2 protein chains.
Amino acid sequence: MTTDPATDDRSPGVPNRPSAATLRDVAEAAGVSKASASRALDPASQYVSSNMRTRVLDAAGRLGYRPNASAQATTTGATAMVAVLVSDIRDPYNAEIVHGVIEQAGASGLVATFAGTDHAIDDEIRVVRMMRSLRPHAMILTGTRSGSTVSRSSLEDELARYTHEGGRVVIAGDDELPFDTAVVPRLRGASALVDELFRLGYRSPALIRPDRDSAAARRWEDGVVEAAERHGMRIERGAVARAPMTRDGGYDAAADLIARRPEHLDVILAATDAMAIGAMTAMRDVGLTPGAEIGVAGFDDAVGAEDVTPGLTSVDLALARVGAASVELALTGSGDRRRIEFEPRVVVRGTTPVRPR
Amino acid sequence: MTTDPATDDRSPGVPNRPSAATLRDVAEAAGVSKASASRALDPASQYVSSNMRTRVLDAAGRLGYRPNASAQATTTGATAMVAVLVSDIRDPYNAEIVHGVIEQAGASGLVATFAGTDHAIDDEIRVVRMMRSLRPHAMILTGTRSGSTVSRSSLEDELARYTHEGGRVVIAGDDELPFDTAVVPRLRGASALVDELFRLGYRSPALIRPDRDSAAARRWEDGVVEAAERHGMRIERGAVARAPMTRDGGYDAAADLIARRPEHLDVILAATDAMAIGAMTAMRDVGLTPGAEIGVAGFDDAVGAEDVTPGLTSVDLALARVGAASVELALTGSGDRRRIEFEPRVVVRGTTPVRPR
DNA sequence: CTGAAAGCGCTTACAG
DNA sequence: CTGAAAGCGCTTACAG
């Protein structure tokens with residue numbers, strides 16, 4: 001028919017372009033000055049008569065007034081915003097962290113703005129540049145990143161620019177970049193898991209680790225090996241399998257491990273819950289009951305560990321808390337580089353019963 | 001040591017509070033007026049000598065200048081922002097949609113701002129109010145919501161306020177709210193799946209559906225039943241099991257179905273891939289090979305459907321496209337209520353081989 | 001306690 | 001093509 005009603009409707013003398021109520025509108029409706037309206041609307045402002053306050057609040061309510069955050073930001077020079085750079089939101093680990101960020105941001109009266117970086121440092125650089133325009137209170141980087149050394153230092157430069165203009169940078173997940181970090185306790189978690197398994201009586205673990213190398217996988221393996229050595233548990237050669245990071249990868253690796261069963265093998269540790277669940281199926285397919293003859297433990301306690309039977313022993317990495325802590329780090333400024341690491345929680349379920357010795 | 005270097009350093013005569021370079025800084029550095037600097041920085045502006053442009057661009061580069069988005073927004077009255085309200089980012093369905101939103105927003109030069117609503121309409125109302133302050137170009141609502149009728153109409157009121165002031169509202173996922181919608185094609189997907197199974201020779205399906213009722217589950221079941229009836233396939237009484245929406249739920253339901261095997265049962269349809277994968281395990285545990293005697297199909301093709309052996313037949317709901325389409329709907333205004341629905345894609349894998357008749 | 005005025009960092013007619 | 005000026009919607013000293 002006619003053009004967009006949202007921008008049209010310019011009948012003579014009736015300038016009716018839709019637009020939000022402004023402070024001026026509220027002030028006029030309440031019959032006071034803009035300054036007074038502004039104060040009355042600010043819960044922290046003291047010098048306001050209660051009469052004034054109610055009149056203004058009334059008018060604001062009637063008009064559905066919401067302050068213009070952009071105007072507030074240009075006036076005060078501060079935004080109530082954190083920018084989050086996330087490699088891939090579909091990754092459950094990232095999603096869990098992001099969930100924590102959103103929750104904590106909401107609780108702190110901040111809004112969280114997101115951009116995807118697709119694991120590529122060059123994307124991150126671009127995104128940091130873009131986000132700088134928003135003058136967010138802080139930027140939180142999560143997920144993994146890969147790129148050339150040149151890219152990496154460009155990223156650091158761009159982030160340095162941002163901190164020089166008063167912004168805060170927080171890394172959620174690993175501590176490879178020189179900023180405040182909320183650490184995902186992979187190493188510590190893996191090692192606590194082995195501690196617990198030792199306590200339960202296990203002595204001879206086999207490992208299923210991802211065939212593609214990553215910092216995450218390395219931390220897990222380092223933690224396992226460190227604790228195993230500490231307890232004098234031996235990981236036999238031939239007791240480490242590499243496989244794709246999927247359920248079927250875990251299945252094949254476990255089948256393989258069981259076939260050429262290392263001498264005293266009494267528990268299989270997988271780098272992810274999905275692989276561990278695959279391993280459980282592999283055990284069943286050769287007539288073993290997970291937990292009965294050989295224990296099984298996963299890692300991350302992300303998806304489905306409690307959905308299987310018996311429940312899968314795993315490690316809760318407190319990812320949502322990592323996300324929340326990132327926001328808190330962003331909020332509490334400091335000169336020094338800080339590092340928060342939560343205690344991971346080993347969750348013992350049916351796949352690792354006490355092993356009498 | 002001393003106080004925060006970021007806010008300190010107020011040596012007499014050296015006011016060095018860190019803050020971003022402004023247009024004025026750029027103009028001064030380039031020796032031109034702010035107006036000229038502004039134009040030179042705007043790629044769309046025509047009336048700029050190339051000499052002027054390079055000088056300004058140079059200065060901006062040296063200073064690491066990034067325009068203040070808030071100031072731009074208060075000047076122009078427009079933000080390059082979409083606000084996304086998501087019930088729970090940890091839900092893989094939402095994550096997939098959100099991924100599409102982030103991608104498309106990035107491609108369109110928009111930033112995406114998120115808030116969690118925890119499935120509660122009252123949270124959504126609160127969040128809409130908060131987000132209205134940001135004057136986003138559009139709000140995109142995704143995920144499910146529950147709340148009283150009163151709450152629901154309050155939400156509609158708050159959203160109406162927003163549209164009255166020129167904002168756009170888009171629903172990603174279902175079309176229960178009276179706004180533009182990018183639909184998740186559950187009904188259509190379920191019915192296309194049954195079409196395909198019929199073509200493959202299956203005639204007698206059993207259903208595993210979630211025990212908790214939801215719009216999503218209903219759409220799936222409606223689609224299945226509609227297509228089955230259309231093809232004259234009979235779903236016997238006793239051929240519908242209800243179970244928790246987990247792998248184990250699927251396991252138990254399938255075990256049950258198989259135990260009291262309905263007469264001609266030749267394929268089991270589960271409402272989610274997770275349940276279907278559980279069903280596959282149940283089949284194995286009674287000596288059946290998924291796909292050999294009885295077919296299995298999941299739904300959503302979200303997690304792990306191709307990781308199992310044989311691969312699980314499922315339906316790709318194109319959730320990322322739903323997210324991307326939401327952004328496009330937000331960008332292309334219109335007076336009428338619009339509804340975009342993509343064609344879901346049935347992905348046939350090893351669990352449903354051709355069934356010779 | 002209240003209001004007039006200045007200013008935040010921009011953009012954009014309006015004159016040259 | 002360039003610059004001075006006005007204005008966007010706020011907040012906050014500064015006077016009353």
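All chains are named by letter (A, B, ...) in the order of the sequence lines, taking the proteins before the strands, and each is independently numbered beginning at 1. Only a predicted model underlies this, so the values are computations on that prediction, with no experimental measurement involved.
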Visitor: Using whole Å, what does the distance between atom P of nucleotide D:dC10 and atom CZ of A:R24 come to?
Guide: 11 Å
Visitor: Please, which pairs that meet salt bridge (charged side-chain N to carboxylate O under 4.0 Å, His left out) have at least one residue in residues 108-124 of chain A, sequence neighbours excluded?
Guide: A:D123-A:R126, A:E124-A:R145
Visitor: Measure the distance from OH on B:Y47 to P on D:dG3 and round it to the nearest whole Å.
Guide: 17 Å
Visitor: With sequence neighbours excluded, give me every side-chain hydrogen bond (donor to acceptor under 3.5 Å, both in side chains) pair touching residues 59-76 of chain B.
Guide: none
Visitor: Could you state the atom-to-atom distance from CZ of B:R53 to P of D:dC1 in whole Å?
Guide: 10 Å
Visitor: Per the salt bridge (charged side-chain N to carboxylate O under 4.0 Å, His left out) rule, what does the pair list look like for residues 21-43 of chain B, sequence neighbours excluded?
Guide: B:R24-B:E28
Visitor: With sequence neighbours left out, what residues match B:H99 under side-chain hydrogen bond (donor to acceptor under 3.5 Å, both in side chains)?
Guide: A:R90
Visitor: Starting at atom CG of B:L41, determine the distance to atom C1' of C:dG9, rounded to an integer number of angstrom.
Guide: 13 Å
Visitor: Return a single string for nucleotides 11-16 of chain D, one symbol per nucleotide in 5' to 3' order, where B is base contact, S is sugar-phosphate-only contact and - is none, cutoff 4.0 angstrom on heavy atoms.
Guide: BBB---
Visitor: Counting side-chain heavy atoms from CB outward, which of D:dC8, D:dT2, D:dG3 is closest to B:T74?
Guide: D:dC8
Visitor: Select from A:R66 and B:S33 the residue whose nearest nucleotide in DNA chain D is closer to the 5' end of that strand.
Guide: B:S33
Visitor: Want to settle it: does A:T22 or B:V48 sit nearer the 5' end of DNA chain D, counting the closest nucleotide to each?
Guide: B:V48
Visitor: Rounded to the nearest Å, what distance is computed from the CG atom of residue A:N68 to the P atom of nucleotide C:dC10?
Guide: 16 Å
Visitor: With sequence neighbours left out, which residue pairs that include part of residues 127-142 of chain B fulfil the side-chain hydrogen bond (donor to acceptor under 3.5 Å, both in side chains) condition?
Guide: B:R132-B:E158, B:R132-B:E165
Visitor: In this structure, how many angstroms lie between the C1' atom of D:dT2 and the CZ atom of B:R55, rounded?
Guide: 11 Å
Visitor: Under 4.0 Å between a Lys/Arg side-chain N and an Asp/Glu carboxylate O for A:R168 and A:D180?
Guide: yes
Visitor: Given that both pair distances must be under 3.5 Å and the pair must be Watson-Crick or G-U, what runs of three or more consecutive pairs involve DNA chain C?
Guide: C:1-3 with D:14-16, C:5-12 with D:5-12, C:14-16 with D:1-3
Visitor: With B:S148, which residues qualify under side chain to side chain contact (heavy atoms under 4.5 Å, CB included), at least two apart?
Guide: B:V150, B:S151
Visitor: How many Å lie between CZ on B:R135 and P on D:dC8, as a whole number?
Guide: 14 Å
Visitor: Whole angstrom is fine here: how far is it from CG in A:L134 over to C1' in C:dG9?
Guide: 15 Å
Visitor: Could you go through B:L141 and B:L159, starting from their C-alpha distance and side-chain angles, then the distance that decides it, and tell me whether this counts as side-chain contact (heavy atoms from CB on, under 4.5 Å)?
Guide: CA-CA 11 Å; B:L141 276 63; B:L159 288 171; 4.1 Å; yes
Visitor: Once ring pair (Phe, Tyr, Trp, His ring centres under 6.0 Å) is applied, do any residues pair with A:F114, and if so which ones, sequence neighbours excluded?
Guide: B:F114
Visitor: With rounding to the closest Å, how many angstrom separate the C1' atoms on D:dG16 and D:dT12?
Guide: 16 Å
